[in-house]
Amino acid sequence: QVQLVESGGGLVQAGGSSILSCAASGRAFSTYTMGWFRQAPGKERQFVAAISWSEGITHYADSVKGRFTISRDNVKKTVYLRMNKLKSEDTAVYYCAADVSQLTLEANYELEGRYEYWGQGTQVTVSS
């Protein structure tokens with residue numbers, strides 16, 4: 001069983017920055033592919049970013065590419081999402097997710113079904 005706890009977020013002005021953290025339980029964190037997803041009001045949850053468990057390979061949704069950075073600290077068992085140049089359309093509940101299958105990142109990293117464990121989410125509100 002893996003538990004994920006997100007923190008960070010809150011209210012941020014447009015153009016500003018924020019960092020989300022996701023602390024994970026589990027001894028094998030270094031072998032988990034980790035992802036961030038978000039869900040805006042009235043919309044479906046969507047992929048934001050993912051990072052592999054092996055080479056630290058990353059992928060991003062086109063809407064955040066160049067503005068957001070996903071990273072991980074395997075010693076602290078934490079994955080981060082650095083968000084820069086925030087826009088009002090980034091307002092959403094952000095979720096981190098873990099895939100413990102040890103598959104390569106290149107397969108279906110953007111699909112919710114790949115991830116077995118999810119956090120409760122943290123709200124990010126960008127004011128214009």
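Only a predicted model underlies this, so the values are computations on that prediction, with no experimental measurement involved. Positions are given from 1, in the same order as the sequence printed here.
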Side-chain hydrophobic cluster, 4.5 Å single linkage: members besides V126
V2, L4, V12, L20, F29, Y32, M34, W36, V48, I51, Y60, V64, F68, I70, V79, L81, M83, L86, Y94, V100, Y117, V124
Quick one: pull up [atom1] in [X] and [atom2] in [Y] and give me the separation to the nearest 0.5 Å.
| X | Y | atom1 | atom2 | value |
| --- | --- | --- | --- | --- |
| T33 | W53 | OG1 | CH2 | 8.0 Å |
| Q102 | S30 | CD | OG | 8.5 Å |
| E89 | S63 | CD | OG | 8.5 Å |
| N74 | T31 | CG | OG1 | 9.0 Å |

[X] versus [Y], closest heavy-atom pair with distance:
| X | Y | value |
| --- | --- | --- |
| F47 | A61 | O-CB, 3.4 Å |
| S25 | Q3 | OG-N, 2.7 Å |
| Y80 | K76 | OH-CD, 3.9 Å |
| R45 | E112 | NH2-OE1, 3.0 Å |
| S128 | A14 | CA-CB, 4.1 Å |

Any heavy-atom pair between the side chains of S71 and R82 that's under 4.5 Å?
no
Do C22 and T78 make a side-chain contact, defined as non-hydrogen atoms from C-beta onward lying under 4.5 Å apart?
no
Please say whether the positively charged group of R38, taken as NZ for Lys or CZ for Arg, lies over the ring of Y95, i.e. under 6.0 angstrom from the six-membered ring centre and within 45 degrees of the axis.
no
Salt bridge (Lys or Arg N to Asp or Glu O under 4.0 Å): pairs with one or both residues in residues 64-75, sequence neighbours excluded:
D62-K65, R67-D90
Using only atom types and a distance under 3.5 Å, with no angle test, would you say the side chain of [X] pairs donor to acceptor with the backbone of [Y]?
| X | Y | value |
| --- | --- | --- |
| K77 | G26 | yes |
| S52 | I57 | yes |
| Y109 | T58 | no |
| E6 | Q120 | yes |

Is there a donor in the side chain of Q123 and an acceptor in the side chain of T125, or the other way round, less than 3.5 Å apart?
yes
